[in-house]
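Everything on this sheet refers to the single structure shown next.
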Amino acid sequence: MESTALTRPVISATGLWTPPHSISNAELVQSYNAWADTWNRENEAEIKSGLMEPKTHSSVEFIEKASGIKSRYVVNKDGVLDPDIMAPRLPERPNEQISILAEMAVHAAREALKKAGRDPKDVNAVICAASNMQRAYPAMAIEVQDALGIEGFAFDMNVACSSATFGIQTAADFIRSGNAKSVLVVNPEICSGHLNFTDRDSHFIFGDVATAVLVEAEDIAPKQHWKILGTKLKTQFSNNIRNNFGFLNRTAPEGVGAPDKLFVQEGRKVFKEVVPMVAEMITAHSSELGIPAGELKRMWLHQANANMNRLISSKVLGHEASDEESPTVLDTYANTSSAGSIIAFHKHSDDFRAGDKGLICSFGAGYSAGTVFVEKVG
Ligand code: COA
C-alpha cells in the first residue's frame, strides 16, 4: 500500500464475546477446599511427621477483599470445579475445525466489524494480541483472517496482560505509516487453561473472554469513533509473574504438569513494583500530550486487582477515583489478561460525548505496560 504521511489512527469499534458459564467465588472455593481436604488425607503421614505442610482452606471473603473478584466466566466449568480434575476440559479439535481460541476471537471481531459497518474484505490485517495462545503455529490470527474472509496479512503477538495496548499501537503504526487502512486486533484469552486451580494464592484470579478492537485510518472510519491521541509502550524485565509453558516442556523433569508451566506470581512484589511504574507512565504520557489528569473523563485500566487499580488511579488523579472515573469489570469477569481494559472500555464508554477524553491502560507480566489516550468523535 502506498505511504500517506502521518495518517491519523482511530478506534472505529470494539467487540466482546463472553463465555456462557460463570463460576462464583463460593463455587470455586468449595471445589478448592474439597481438593485440599483430599490432598491432606492422601498425605496424612507426611503431614503428621512434619515433612509436608497441610493445605489450608481458601475463602470467599479473602478473595473479594484481596482482589475485588466475585465471579469469572470460563469456557469449561465442569472440569474446573471437579476436585479430581481442577482444569478446563476441552476436547481437542481436528485440524479441519477452527480452534477454540480463534472461534472466540471471531465472535468478538464480528461484533466490532458490525458496529463499524465494515466489510471484512476492506480489512487489511489481523493481529491476535493475547497471553494464552493455543499453539505455536499456524498463527491464530491467520485462522481468524481466514474465518472472516479478510485479505492481507495476520500474525500473533504476546505481551502478556499488556498485549491489547501493544496490539493497538502496532495497528496504529501500520495506519500511521500507510501500510494498512483497517486493522483488526483481537484478544481471545483462555486464562483458565493456564491457571493452577490447586494454588490457593492464585486459584481465583483469572477468567476467559475475547475482545476485538478495530483500528482504522481516520478518513475511512465511521462517523462515531475514537481519535487515538497518543500511544506509549514500556517493558522492564521481571521474574515476578511467569508462565514457563512452552514447546520445550518435555525437557523439564516434571514435564508439562509442573506448577511452573502455569501462571505463577509473587503477588505482593507485583503490587509494589507495578503500581508506581504504571502511575508514573500515565502521568508522564499525559503531560507529554498536554492532557492534565483533570481533563480525563475516564481511565479504563487493566483489570488485575481492584486494590491495584484504586492506588494507580488515585496517584494519577490526586484523589480516590469514582466508579465513573475508573470503572471495574473485575467483579464479574475477574482478570482476563489482555482483554480486561478493553472489556472496561467496551462496556463503559457509551456516555462519552464528542471531545471527552479517556485512557486505555494495560500492565502485567514482563513487566509490560501500555497507554492509549483517546478522544470521542461524532
Ligand atoms: N484464601 C484465604 N486466604 C488466603 C488465600 C485464599 N485464597 N490466599 C492467600 N491467603 C492468605 C495468605 O495465606 C496470607 O495469610 P497470612 O497473613 O496469615 O500469612 C494472607 O491471606 C495474605 O496473603 P497474600 O498472598 O500476601 O495476599 P495479598 O493481600 O497480597 O493478596 C494478591 C494477594 C495476589 C491478590 C495480591 O498480592 C495482588 O493482587 N497482587 C497483584 C498481582 C496481580 O494481580 N497480578 C495479576 C497479573 S497482572
Side-chain angles (χ1 to χ4, degrees), residues 66-67 127-137 139-141 155-173 185 187 189-191 193-196 199 201-202 205-206 230-249 251-254 256 258-286 288 299 301-305 307-309 311-313 315-316 335-342 359-372:
S67 67
I127 301 174
C128 179
S131 283
N132 299 293
M133 296 300 180
Q134 172 139 3
R135 58 167 185 266
Y137 45 80
M140 265 61 67
F155 60 92
D156 294 344
M157 57 183 274
N158 185 343
V159 199
C161 290
S162 281
S163 298
T165 52
F166 277 64
I168 290 171
Q169 173 163 319
T170 306
D173 286 342
V185 182
N187 325 105
E189 296 285 10
I190 306 182
C191 300
H194 291 258
L195 182 53
N196 184 352
D199 173 30
D201 291 357
S202 66
I205 288 182
F206 289 111
T231 58
K232 191 80 93 190
L233 310 177
K234 181 181 169 72
T235 50
Q236 186 183 300
F237 186 70
S238 167
N239 268 326
N240 291 329
I241 317 173
R242 274 194 89 105
N243 180 343
N244 287 338
F245 175 79
F247 307 100
L248 301 175
N249 272 343
T251 58
E254 291 173 88
V256 182
D260 76 319
K261 301 299 180 295
L262 295 167
F263 167 84
V264 282
Q265 73 165 347
E266 296 276 350
R268 292 211 157 171
K269 287 189 189 158
V270 172
F271 200 112
K272 271 170 75 182
E273 292 170 7
V274 171
V275 167
M277 178 182 123
V278 172
E280 279 159 28
M281 185 176 171
I282 296 173
T283 306
H285 194 190
S286 66
E288 191 184 300
M299 288 188 284
L301 297 179
H302 170 48
Q303 306 281 312
N305 176 288
N307 298 325
M308 269 178 112
N309 284 10
L311 209 53
I312 291 170
S313 50
K315 275 179 190 282
V316 171
N335 183 345
T336 49
S337 197
S338 69
S341 58
I342 307 301
L359 164 70
I360 300 169
C361 174
S362 67
F363 44 87
Y367 296 132
S368 55
T371 45
V372 178

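Along the sequence shown, residues are numbered consecutively beginning with 1. Predicted model, so just to flag it, every value in this text is computed and none were measured.
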Residue pair [X] / [Y]: nearest heavy atoms and the distance that separates them:
X: Asn243; Y: Lys261; value: OD1-O, 3.1 Å
X: Asn187; Y: Ala339; value: O-CB, 4.0 Å
X: Lys269; Y: Tyr367; value: O-OH, 4.0 Å
X: Gly370; Y: Leu233; value: CA-CD2, 4.1 Å
X: Ala141; Y: Phe155; value: CB-O, 3.2 Å
X: Ala129; Y: Ser163; value: CB-O, 3.3 Å

Answer yes or no: is there a side-chain heavy-atom contact under 4.5 Å between [X] and [Y]?
X: Leu311; Y: Phe271; value: yes
X: Asn309; Y: Gln303; value: yes
X: Cys161; Y: Ser338; value: no
X: Ile360; Y: Ile342; value: yes
X: Ser202; Y: Leu195; value: yes
X: Asn240; Y: Val274; value: no

Check: [Y] main-chain N/O paired with [X] side-chain donor or acceptor under 3.5 Å:
X: Glu189; Y: Ala130; answer: no
X: Ser131; Y: Ala160; answer: yes
X: Thr165; Y: Ser162; answer: yes

Any pair counted as side chain to side chain donor-acceptor pair (under 3.5 Å), so long as it reaches residues 277-286, sequence neighbours left out: His285-Thr371

Taking salt bridge (Lys or Arg N to Asp or Glu O under 4.0 Å) as the test, write out the residues that go with Lys234, two or more places apart. none

Only counting residues at least two apart or in another chain, list the ones meeting side-chain contact (heavy atoms from CB on, under 4.5 Å) with Val264.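 Residues passing side-chain contact (heavy atoms from CB on, under 4.5 Å) with Val264: Arg242.
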
Out of curiosity, [X] [atom1] to [Y] [atom2], how far, rounded to the nearest 0.5 Å?
X: Met140; Y: Asp156; atom1: CE; atom2: CG; result: 4.5 Å
X: Met281; Y: Ile312; atom1: CE; atom2: CD1; result: 11.5 Å
X: Ile282; Y: Met299; atom1: CD1; atom2: CE; result: 6.0 Å
X: Phe206; Y: Ile190; atom1: CZ; atom2: CD1; result: 14.0 Å
X: Ser368; Y: Ile241; atom1: OG; atom2: CD1; result: 7.5 Å
X: Asn335; Y: Ile205; atom1: CG; atom2: CD1; result: 7.0 Å

Evaluate side chain to side chain contact (heavy atoms under 4.5 Å, CB included) for Met157 paired with Phe166, printing each intermediate quantity in order. CA-CA 9 Å; Met157 57 183 274; Phe166 277 64; 3.5 Å; yes

Between Cys128 and Met133, is a side chain to side chain contact (heavy atoms under 4.5 Å, CB included) present by the stated rule, with each step listed? CA-CA 9 Å; Cys128 179; Met133 296 300 180; 4.2 Å; yes

